[in-house]
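Worksheet: one structure, shown below.
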Amino acid sequence: MTNEEKYVEEIADQGDNFSQWYNQVVRKAELADYAPVRGCMIIRPYGYAIWENVQRLMDARFKETGVVNAYFPLLIPRSFLEKEAEHVEGFAPEVAWVTRGGGEELEEPLAIRPTSETIIGHTYAKWIQSYRDLPILINQWNNVMRWEKRTTLFLRTSEFLWQEGHTAHRTLEEAQERTLQMLEVYRAFAEEDAAIPVLVGRKSENEKFAGALRTYSIEALMGDGKALQAGTSHNLGQNFARGFDMQYLDADGQRKLCATTSWGVSTRIIGGIIMVHGDSSGLILPPRVAPYQTVVVPIWRKDAEKSAVGALVERVEKMLKGKVRLKVDMSENTPGWKFNEWEMRGVPIRMEIGPRDAQNDSVMLVRRDNRVKEAVPLDALQARLPELLEEVQHALFQRALEFRARNTYYTDSYEEFKHIIAEKRGFVRVKWAEDSAAELAIKEETKATLRVIPLDQPEGDVQGKCFYTGKPATCEAVFARAY
RNA sequence: CGGGGUGUGGCGCAGUUGGUAGCGCGCCUGGUUUGGGACCAGGAGGUCCGCGGUUCAAGUCCGCGCACCCCGACCA
């Protein structure tokens, strides 16, 4: 930051206690509140508005790839969950059950969906007769429930909002292609809309989704050096097709199993946005997802000034209507109070309109990310403000990218690895021989997990030895401590 | 689920050897203010996390719960 001056006094310093900072920002910026039920959260209007922007932007990207939206039920018969062995085992401890209804014990308990692969598998099996029915490309925006032992607002809650996409294909190759296509959609959303740089890659066997053939993810680095899985895309192979008998008659007259995929991004991404961009004054929201892109703070002393300022505010409002998401703060608080409040709440650009501006027919724009001020004549505003918002958007991405570069380490030495994980955190990239036992041992010894095997690998075969086992390396992998 | 910590107006906290609850901020009313969290005056707001116990008397002592935070275990 160019300006280290700390105006907002109400929140903990990021460096002192990151998780305390995080909780205070979430609550003071009025993003979310605790609910009466453990692990559940109330998403307040300001937080929900971020989610609506996430939905709008991602939904458009999905639809560009041919995906349509639908809705499947909240309650899932127990027998469905049991049809895919790995899946049941993986989710069993997290499932909440409905056992009574209408005052009576139910014949079959109903799961509150932890995810919808099973009920969608059941449904697709009925819909699919011929290869002509494929592919099916459906997404749903909904809530799911997973009983969690330890919860944090947005990052891990028992109930959360997300989208889950479910596709069915004729071939394994096509499913694989779709899996990677949606991973790329997530990357583009994260980097271009949320301004969060992400590593894109494959999960290890240990970390993959229960029931998947392969799991891919985007991984982001938070301000405290811990990693956050920000989106996942699974190639489910024929596992769920087998469990739910999703078969089609192919052109060659043979009955064949479908291949399926699923992919999801949740309200956790909001936690990521907070932890990637925020500073010790509070939130910093990337303009594309910010509920208010610009907040207008009017300033006056005398009544005459008040009317001149008021008139200018109205002109500005009219001029920018439909072009910029604008909030005019007409509350009784002093300008100084408003500056701090809206900085804490992360509005990317503040527009000060006072007597001097009324006189000059201009406004004062102040960026949240670096507090740089700029006087803009009224006739240039309509062009300049959207441009400045884009500049902030790019600056936030750039800053996060630089932060990640500074906090990414390469090592061939396990000793150094341990030191980095313990002292500095961040991403650690190593040569790796894909060994589950070694992975678990590393986790045991250092708390670091294999976040991702990046798609971006060195040219040709990986040379050298695994940093842990000394076996010939098969790839490069990235480890980190994670949320 | 294990170890540690904390629960007192909306928020942050104080409350002594047990004696019947207070401070700052916020909130309401009126007035003066307004380019980086204004000021004065008046006012409202409390089952002290819950239940049980000890005691003439419990925010304070004892027991059992619950919630939240931190560190672990678990976890797409």
Side-chain angles (χ1 to χ4, degrees), chain A residues 3 5-12 17-20 22-24 27-28 30 33-40 86-87 89-95 114-117 144 146-153 155-158 160 162 164 203-212 214-219 228-236 262-266 268 281-282 297-303 305-306 309 329-344 350-359 363-364 366 371 373 375 443-444 447 449 451-452 481-483:
Chain A
N3 188 345
E5 206 172 338
K6 187 168 177 263
Y7 291 116
V8 175
E9 301 292 344
E10 290 184 352
I11 48 183
N17 185 340
F18 197 84
S19 59
Q20 195 184 341
Y22 177 83
N23 280 313
Q24 287 180 340
R27 301 194 63 194
K28 292 197 161 152
E30 297 182 357
D33 217 337
Y34 292 108
V37 175
R38 185 192 133 70
C40 295
E86 268 186 49
H87 192 66
E89 201 188 325
F91 276 108
E94 301 181 62
V95 175
T115 179
S116 304
E117 273 75 6
V144 289
R146 298 175 188 180
W147 220 257
E148 295 286 351
K149 302 218 163 134
R150 188 174 168 182
T151 61
T152 310
L153 294 171
L155 298 177
R156 175 173 283 105
T157 47
S158 290
F160 58 87
W162 74 343
E164 48 176 327
K203 286 293 199 182
S204 67
E205 282 298 301
N206 288 329
E207 299 274 336
K208 78 173 191 195
F209 176 69
R214 278 188 290 278
T215 287
Y216 297 85
S217 74
I218 54 171
E219 299 280 330
L228 185 76
Q229 179 175 303
T232 52
S233 185
H234 315 292
N235 180 345
L236 303 175
S262 67
W263 23 276
V265 163
S266 73
R268 172 185 262 198
S281 296
V297 177
I299 301 156
W300 64 78
R301 283 197 188 78
K302 306 168 193 125
D303 281 351
E305 290 174 346
K306 183 175 177 177
V309 165
D329 186 352
M330 293 302 287
S331 69
E332 300 284 316
N333 297 307
T334 62
W337 190 92
K338 292 174 187 175
F339 295 171
N340 286 288
E341 177 72 7
W342 292 111
E343 271 182 21
M344 185 181 72
R350 172 174 81 238
M351 187 187 299
E352 301 175 14
I353 299 182
R356 291 202 291 271
D357 305 296
Q359 205 148 47
V363 300
M364 185 65 79
V366 187
R371 295 200 175 92
K373 290 192 181 190
K443 183 178 177 183
E444 184 75 21
K447 295 169 197 156
T449 49
R451 297 321 302 157
V452 80
R481 291 197 54 178
Y483 272 99

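Because the structure is a prediction, the values reported are computed rather than measured. When reading the values below, keep in mind they use all heavy atoms of this one structure, side chains included, and skip hydrogens, waters and symmetry mates.
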When only distance counts, do a donor and an acceptor, one from the side chain of [X] and one from the base of [N], lie under 3.5 Å apart?
X      : N      : result
A/D357 : B/rG35 : yes
A/R350 : B/rG36 : yes
A/R150 : B/rG72 : yes

Within the pair A/R146 and B/rC74, is there a side-chain N or O less than 4.0 Å away from OP1 or OP2?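 No, because none of the side-chain N or O atoms of A/R146 sits under 4.0 Å from OP1 or OP2 of B/rC74.
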With a 4.0 Å cutoff (strictly under), does any side-chain N or O of A/Y34 reach OP1 or OP2 of B/rC69? yes
Are A/R350 and A/E352 ion-paired here, with the side-chain N under 4.0 Å from a carboxylate O? yes
For A/E219, is there an ion pair with A/K203 - N to carboxylate O distance below 4.0 angstrom?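 Looking at A/K203 and A/E219, the cut-off is met.
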What is the nucleic acid contact for [X], judged by heavy atoms within less than 4.0 Å: base, sugar-phosphate only, or nothing?
X      : value
A/P298 : nothing
A/S19  : sugar-phosphate
A/K203 : nothing
A/T334 : base
A/R481 : sugar-phosphate

Within a strict 4.5 Å, meaning less than it, do heavy atoms of the A/F339 and A/V366 side chains meet? no
Side-chain contact test, heavy atoms from C-beta onward, threshold under 4.5 Å: evaluate it for A/E148 versus A/T151 and give yes or no.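 The answer is yes; the side chains approach within 4.5 Å.
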Mind calculating the distance between [atom1] ([X]) and [atom2] ([N]) to the nearest angstrom?
X      : N      : atom1 : atom2 : answer
A/Q24  : B/rC70 : CD    : P     : 11 Å
A/R27  : B/rG12 : CZ    : P     : 7 Å
A/K149 : B/rG2  : NZ    : P     : 10 Å
A/W147 : B/rC75 : CH2   : C1'   : 15 Å
A/R301 : B/rA38 : CZ    : P     : 14 Å
A/M344 : B/rC25 : CE    : C1'   : 14 Å
A/D33  : B/rC68 : CG    : P     : 13 Å
A/K302 : B/rU32 : NZ    : C1'   : 15 Å

If the [atom1] atom of [N] is compared with that of [M], how far apart are they to the nearest Å?
N      : M      : atom1 : answer
B/rG4  : B/rG9  : C1'   : 29 Å
B/rC1  : B/rU20 : P     : 41 Å
B/rU17 : B/rG59 : C1'   : 16 Å
B/rG26 : B/rC66 : P     : 38 Å
B/rG46 : B/rG37 : P     : 33 Å
B/rA73 : B/rU16 : P     : 39 Å
B/rG15 : B/rC48 : C1'   : 11 Å
B/rG50 : B/rU60 : P     : 10 Å

Tested for side-chain contact (heavy atoms from CB on, under 4.5 Å) against A/M351, the lone hit among A/V363, A/V297, A/D357 is A/V363
Quick check: are there more than 12 heavy atoms from other residues, nucleotides or ligands sitting under 6.0 Å from [atom1] of [X]?
X      : atom1 : result
A/W147 : CH2   : no
A/E86  : CD    : yes
A/E30  : CD    : yes

Check: A/T449 side chain, A/R451 main-chain N or O, donor-acceptor pair, under 3.5 Å: no
A/E207 side chain to A/S204 main-chain N or O, any donor-acceptor pair under 3.5 Å? no
If every non-hydrogen atom of A/V452 is compared with every non-hydrogen atom of A/S217, which pair is closest and at what distance?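 Here A/V452 and A/S217 meet closest at CG2-OG, 3.9 Å.
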Shortest side-chain distance from [X], nucleotide among [options]:
X      : options                : value
A/E343 : B/rG36, B/rG35, B/rC75 : B/rG36
A/W300 : B/rC75, B/rG36, B/rU34 : B/rU34
A/N23  : B/rC69, B/rG35, B/rC75 : B/rC69

If a stem is a run of at least 3 consecutive Watson-Crick or G-U pairs, both distances under 3.5 Å, which stems include RNA chain B?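 Stem list for RNA chain B: B:1-7 with B:66-72, B:10-13 with B:22-25, B:27-32 with B:38-43, B:49-53 with B:61-65.
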A/G39 vs A/P335, nearer the 5' end of RNA chain B by closest nucleotide: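 With A/G39 and A/P335 compared, the 5'-side residue is A/P335.
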For A/K338 and A/K208, find the nucleotide of RNA chain B closest to each by heavy atoms; which residue's nucleotide sits nearer the 5' end?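 With A/K338 and A/K208 compared, the 5'-side residue is A/K338.
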Could you walk me through whether A/T157 and A/R146 pass the side-chain contact (heavy atoms from CB on, under 4.5 Å) test, one step at a time? CA-CA 8 Å; A/T157 47; A/R146 298 175 188 180; over 6 Å; no
Mind listing the N/O atom pairs, protein and nucleotides 6-10 of chain B, below 3.5 Å?
none

